[in-house]
Structures are given as structure tokens and as C-alpha cells.
K.L.:
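Got a structure for you, written out below as C-alpha cells; questions coming shortly.
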Amino acid sequence: MRPPRAKYFNTTGPCDPRLHYMLPPAPRLPEARTLIEMDRYFVLHAPRQTGKTTMLRTLAADLSAEGDIAALLFSCERAKVAGDDYGAAEEMLLDSIRQAAARSGWPKRLLPPDPWPRIRAGSQFIMALSEWCHRSPRRVVLLMDEIDALQGESLVSILSQLRDGHNARPDGEPFPASVVLCGLRDLRDYKIASGGAPDRYNAASPFNILRKSLRLGDFTADQVAELYDQHTQTAGQEFTKDAVDRVYELTQGQPWLVNALADEIITEMRVTDTITVESVDVAKERLIRARATHLDSLAARLQDPRVKRVMEPIVAGGPYIDRHNTKDLAYARDLGLITQTPPPQVANPIYREVILRVLGDLTEQNINADPRSFVLPDGRFDLPRLLREFVVFWREHGEVLIQQEGYHEAACQIILMAFLHRLVNGGGYLDREYAAGTKRLDVLVRWPYSGPDGERLMQREAMELKVWRPGAEDPEPEGLAQLDRYLDRLTLTTGVLVIFDRRPEALPWRERGDFDQATTPSGRQVTVLRV
């Protein structure tokens with residue numbers, strides 16, 4: 001007999017338990033099965049690469065194996081090209097259903113009719129499903145993956161037919177017992193697209209039949225440890241507890257990122273010893289630099305006006321003052337870009353880095369300084385020199401770059417972050433913290449170096465970024481108090497407060513760049529840079 005294939009961490013498409021390390025899908029969303037058993041129609045939504053298709057595939061297989069239900073998972077993706085041509089969309093969906101059923105291995109008596117009954121466009125879908133359910137000896141359950149692919153009139157037509165079929169069931173008309181609509185978007189977006197009010201079950205909306213909207217969440221810290229332990233049990237290679245904790249800290253349990261970091265370390269970096277925090281940090285940097293497909297698609301979203309209206313205040317640390325922005329916030333949450341609960345902030349540290357690097361790309365192209373020249377003879381990083389160099393850069397390029405920056409309100413933060421990244425990231429690390437309403441951006445420079453006896457040490461330098469906007473008071477007192485709390489959390493004795501002056505009466509650009517020493521409320525001596 002051939003030995004079993006070695007398993008690996010999956011980063012492309014649904015998981016296969018024969019090939020991939022994976023968590024049992026059903027416990028991640030136990031309510032889905034309950035709703036199906038109650039013959040409910042409902043929405044399952046989550047960002048891309050979180051395990052939706054894997055969950056649905058397992059659910060369909062488990063239900064069908066039990067003998068009472070014919071549960072079929074199929075994708076609506078090919079119907080995207082139909083646009084508003086709802087007749088073409090119906091044909092494509094029915095083709096997808098037939099092909100998925102043929103792959104299922106079901107006995108012939110469970111398969112849909114061949115051919116489907118022919119009827120005019122706009123009624124084809126409901127009549128085909130009715131005929132199938134009439135013939136099937138089991139209750140039919142449809143799990144419609146990638147429902148987001150349907151557009152415009154096609155979406156309205158399919159949803160309307162599902163509603164009509166659902167509402168005819170009490171009169172004895174055969175129709176699927178349960179339908180699961182799975183995609184990125186939450187219930188309110190389908191209601192809006194199909195003509196209903198987003199905040200109530202509107203009788204005019206095809207979606208007044210939906211019982212619930214479920215969201216597939218990210219992994220917990222314990223689930224990350226459980227997933228990684230599968231590799232340890234199979235291959236004998238351990239992850240230190242600190243490494244697992246670091247993965248959770250960087251990813252906040254986002255399933256693709258959790259798998260991608262492990263895959264990068266094991267498959268690409270070919271680490272064979274115990275996996276440590278250092279390996280995780282290197283893998284994180286490699287993933288970001290390579291701009292893997294998942295991260296690239298995230299970056300592409302940043303120019304979407306709906307995303308920009310959400311992300312700009314987050315990066316700038318400003319408040320949300322547009323009451324109509326709640327729809328944009330919900331959209332960004334559905335994409336997995338920001339946290340599910342207030343205050344709005346980027347979903348995880350890896351996304352935070354990707355966002356600032358993408359937004360700061362234009363600035364990086366204008367930086368000519370050699371990163372190696374900032375390394376001191378003892379191996380430490382010369383932060384004071386970097387700040388002096390930034391003043392020169394700001395005087396020469398700041399005004400032009402601010403005007404060209406698409407995220408205008410966050411331009412100062414983006415430009416300094418790009419400068420730091422260009423000069424620090426060759427040998428060190430940048431950790432950034434920012435969220436809407438904080439009125440600041442926190443930065444920690446971590447620079448590894450060797451001590452006099454060859455021991456591995458880590459230099460840490462903390463910075464706080466503030467913007468002095470027109471009509472506001474001098475942000476220095478607040479900035480010193482905020483920096484004080486940041487230094488206290490990091491157990492550091494000193495730091496840097498950078499204040500960008502955006503007032504019309506500020507000094508001319510070529511005269512900016514004053515360095516001062518100031519005392520925080522707790523008595524720490526810190527550097528204040530005004531540009």
C-alpha cells in the first residue's frame with residue numbers, strides 16, 4: 001500500500017481533510033444545521049478565505065449521508081457574466097446545479113430531472129426546483145455559494161422566485177425545504193439589492209422569508225493552537241507557545257492568514273526545527289512583500305470609495321461625523337477589513353501593515369537614503385538621524401506628496417510611515433496601532449542587534465503621531481499624555497512625539513522641523529518634533 005500523502009496548510013480554495021490540516025467545520029457554526037433542520041431559509045456570510053465553502057461542503061455531505069435530506073452545494077459564480085439577463089442567469093444556475101448533483105455520487109432517483117422543464121425566463125428557476133422536489137424522495141436543501149455573483153435584475157429575479165416557492169410550500173407545492181445563501185454580504189445588502197428596506201422585513205422584498213443572517217467568525221486563539229498541533233502530531237515539528245501566540249496576535253485568527261503563515265514557514269522557508277516567534281515574524285514580512293493573492297485583493301479594495309470613506313478616518317485617527325457612513329462601515333466589516341465592534345479599527349496587524357504600505361508606495365518611490373547608513377557601529381539603529389533626515393525630506397517633498405495623496409486627511413501619517421518603513425524594515429520591524437477616534441497613530445520600531453557578549457538584544461523606540469488641524473488647539477499636551485500611556489504600556493523610559501502642523505498659519509514648509517525636549521505628565525523626558 002502507498003503511504004498517505006503528507007498534509008499541509010491550505011491557502012487556496014476549500015480544504016480537503018485528506019490533504020489539509022483543518023479544524024472540524026461544523027462546530028464553527030452549529031446554528032446552521034439547526035436552521036436547516038427547521039426548514040429555514042437564511043444567509044451565511046463572511047469575508048473571503050475564511051472557510052465558508054469548506055463549511056458548506058461538510059454540512060451538505062453530513063446531511064446527505066444521514067438519509068433524509070438531499071443537500072446540494074453549488075456555486076453561483078458562473079452566472080456573474082449574465083448581468084441583468086435573468087434568463088441567462090437562470091440557465092447558468094440550473095447547469096451548475098445539475099453538474100454539482102452529478103459529482104455528488106447520489107443515486108439516480110435523487111438527481112434533478114434531465115432535461116429541466118422548459119418555461120419562459122423569469123419562472124424557469126422556480127419551476128425547475130419545484131419539479132425536482134416533486135420527484136425527490138428526500139427533502140431538498142440548496143446551499144448557494146457565491147450568491148454575490150448575481151447582479152442587478154438577475155439577483156432580483158432569483159430571490160423573487162425563491163420567495164414565491166417558499167411561500168407556496170404551506171399549500172403543498174414542492175420546493176426546497178431549506179436554502180442557504182452564502183457570500184460576502186450580510187442580509188441587509190440583499191434586501192437593498194432586491195428592493196426591500198435594509199432595516200426590517202419588508203413584505204415587498206424577496207427577503208422577507210429569511211430567518212436569520214449568520215456570520216462565520218475567525219479562529220479563536222485555542223483553535224489556532226489546535227490547528228497547529230495537528231502538524232506537530234503528524235510531522236513532529238513543534239510551534240513554541242510564544243510562536244502560536246504571536247500568530248494569533250498578528251492575524252486575530254483570520255483563517256487564511258493563520259494557514260499562510262504556517263505554510264510560509266514550513267513550505268517556503270523550510271524551517272525544520274522548532275518554530276519560534278522569529279520564524280513567524282520573518283514569515284509575516286515575506287507574505288506582505290510577496291503580496292499574496294489574498295493580501296493583493298485586500299489592497300485593491302482601498303480605492304473603492306466606500307472603503308476609502310471608512311479607512312481614511314481610521315488611519316488619520318479622526319472621528320466618524322457622517323451619519324450616512326454606517327452603510328460603508330457595514331460594507332467594510334463584511335469584507336473583513338475592520339473589526340466587528342466599535343471603535344472601528346483595522347481587523348488585524350498584518351492588514352494594518354499592508355494598508356499603510358500600499359498607501360505609502362508613492363512616498364517610498366521618492367526616498368533615496370540608504371537604509372544601511374542608519375546602522376550605528378554597535379549595531380543599533382540611529383533613530384535621531386532618521387528623524388533629522390525626515391525633516392529634510394518633508395521640507396522638500398511633503399507639500400507635493402500631501403496634494404497627490406488620495407487619502408488626504410491621513411496624508412501626514414501615511415508619508416511618515418512610508419519613510420520609516422523604507423529605512424527600518426531592511427533589518428528591523430515596525431508595529432503600528434491606529435483606530436478611528438484616537439486622534440493619533442502609535443509606532444514602535446523594533447531593531448534586533450547583538451550585545452557586547454554576542455547576546456541577541458532588541459532595541460525599541462516608541463513614537464506618537466499627531467496632526468494639528470485648522471481650528472484645533474495645540475495637540476502637544478494631549479500628545480504627551482497619550483505618549484506617556486503608550487510608553488508605560490511598553491515599559492520604556494523615553495519616546496518621540498511628532499506633530500504635523502496643517503494650519504494655514506503654520507510656518508512655511510522650508511522652515512519646519514523644530515526639535516524640543518518636553519516632560520510627560522509622569523516625568524519622562526521625550527523628544528517633540530514639529531513639522
Side-chain angles (χ1 to χ4, degrees), residues 35-36 39-45 52-53 56 60 70-101 112-113 115-134 136 139-169 173-198 201-214 334:
L35 289 171
I36 290 174
D39 291 348
R40 302 293 192 178
Y41 285 30
F42 61 96
V43 164
L44 169 62
H45 74 101
K52 299 187 298 297
T53 303
L56 292 177
L72 186 70
L73 169 65
F74 71 98
S75 174
C76 304
E77 192 165 13
R78 69 175 62 176
K80 184 175 184 177
V81 298
D84 287 325
D85 187 348
Y86 52 85
E90 287 176 311
E91 295 285 353
M92 293 175 185
L93 291 182
L94 292 174
D95 284 345
S96 295
I97 289 175
R98 184 186 305 288
Q99 291 172 13
W116 293 107
R118 304 299 303 177
I119 196 169
R120 65 184 179 278
S123 299
Q124 176 77 3
F125 195 64
I126 184 175
M127 294 304 296
L129 295 183
S130 295
E131 179 63 22
W132 180 19
C133 294
H134 176 73
S136 175
R139 294 155 57 211
V140 173
V141 171
L142 289 184
L143 298 93
M144 301 176 64
D145 201 7
E146 302 288 351
I147 187 67
D148 311 79
L150 295 177
Q151 305 290 321
E153 294 298 322
S154 294
L155 176 61
V156 173
S157 177
I158 294 301
L159 297 183
S160 298
Q161 292 180 68
L162 287 174
R163 180 190 63 180
D164 289 348
H166 169 277
N167 291 343
R169 294 186 309 171
E173 292 296 324
F175 207 67
S178 177
V179 173
V180 182
L181 303 179
C182 180
L184 292 174
R185 296 183 293 178
D186 199 354
L187 171 61
R188 68 186 174 276
D189 296 301
Y190 297 113
K191 285 190 171 186
I192 294 169
S194 58
Y201 286 93
N202 188 321
S205 166
F207 262 55
N208 68 321
I209 61 175
L210 286 177
R211 175 65 179 85
K212 206 162 192 178
S213 179
L214 304 181
D334 286 352

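For clarity, every value in this text was computed on a predicted model and none was experimentally measured.
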K.L.:
Hey, could you give me the NE2/CG distance between H166 and L129, rounded to the nearest 0.5 Å?
P.N.:
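Nearest 0.5 Å value for the NE2-CG distance: 14.0 Å.
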K.L.:
Do you know the tightest heavy-atom contact between Y41 and P176?
P.N.:
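So the two residues come closest at OH-O, 2.7 Å.
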K.L.:
Heavy atoms only: give me the nearest W116-L94 pair and the separation to one decimal.
P.N.:
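Result for this residue pair: NE1-O, 3.4 Å.
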K.L.:
Hey, could you give me the CD1/SG distance between I147 and C182, rounded to the nearest 0.5 Å?
P.N.:
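Here the interatomic distance stands at 9.5 Å.
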K.L.:
Taking atom CZ of F125 as the centre, report whether more than 12 heavy atoms of other residues, nucleotides or ligands fall under 6.0 Å from it.
P.N.:
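Atom CZ in F125 is packed in, count exceeds 12.
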K.L.:
With rounding to the nearest 0.5 angstrom, report the SG to CG distance, C76 to L155.
P.N.:
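Nearest 0.5 Å value for the SG-CG distance: 9.5 Å.
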K.L.:
Spell out, as yes or no, whether a donor-acceptor pair under 3.5 Å connects the side chain of Q124 to the backbone of I119.
P.N.:
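Checking the backbone N and O of I119 against the side chain of Q124, a donor-acceptor pair under 3.5 Å is found.
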K.L.:
For S157 and E153, indicate whether the former's side chain and the latter's backbone hold a donor-acceptor pair under 3.5 Å.
P.N.:
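Not a single qualifying donor-acceptor pair exists.
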K.L.:
Going by heavy atoms in the side chains, are F74 and L143 under 4.5 Å from each other?
P.N.:
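They are not in contact (no side-chain heavy atoms under 4.5 Å apart), so the answer is no.
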K.L.:
Any donor-acceptor pair under 3.5 Å linking the side chain of E146 with the backbone of M144?
P.N.:
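Not at all, since once roles are kept as given, no pair shorter than 3.5 Å links the two residues.
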K.L.:
Looking at A89 and A82, what are the two nearest heavy atoms and their distance?
P.N.:
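Minimum heavy-atom separation between A89 and A82: N-CB, 3.7 Å.
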K.L.:
For S154 and L150, indicate whether the former's side chain and the latter's backbone hold a donor-acceptor pair under 3.5 Å.
P.N.:
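Not a single qualifying donor-acceptor pair exists.
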K.L.:
Given salt bridge (Lys or Arg N to Asp or Glu O under 4.0 Å), test R139 with D39 step by step and report yes or no.
P.N.:
CA-CA 9 Å; R139 294 155 57 211; D39 291 348; 2.5 Å; yes
K.L.:
Any idea which heavy atoms bring L72 and I97 closest together, and the distance?
P.N.:
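In terms of heavy atoms, the two residues are closest at CD2-O, 3.5 Å.
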K.L.:
With rounding to the nearest 0.5 angstrom, report the CE to NE2 distance, M127 to H134.
P.N.:
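M127 CE to H134 NE2: 11.0 Å, rounded to 0.5 Å.
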K.L.:
Taking atom CD of E77 as the centre, report whether more than 12 heavy atoms of other residues, nucleotides or ligands fall under 6.0 Å from it.
P.N.:
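It does not: E77 CD has 12 such atoms or fewer within range.
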K.L.:
What distance separates S178 OG from L35 CG, expressed to the nearest 0.5 Å?
P.N.:
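S178 atom OG to L35 atom CG measures 7.5 Å (nearest 0.5 Å).
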K.L.:
Could you report the tightest heavy-atom contact between P113 and E131, atom names first, then the distance?
P.N.:
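Nearest heavy atoms, P113 then E131: CG-CG, 3.9 Å.
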K.L.:
Which atom names give the shortest non-hydrogen contact between L159 and L181, and what distance separates them?
P.N.:
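Closest approach of L159 to L181, heavy atoms only: CD2-CD1, 4.0 Å.
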K.L.:
To the closest 0.5 Å, what do you measure between CG (L162) and CZ (F175)?
P.N.:
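These two atoms lie 5.5 Å from each other.
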K.L.:
Does some side-chain heavy atom of S213 sit less than 4.5 Å from a side-chain heavy atom of H45?
P.N.:
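Yes, close enough: below the 4.5 Å cut-off.
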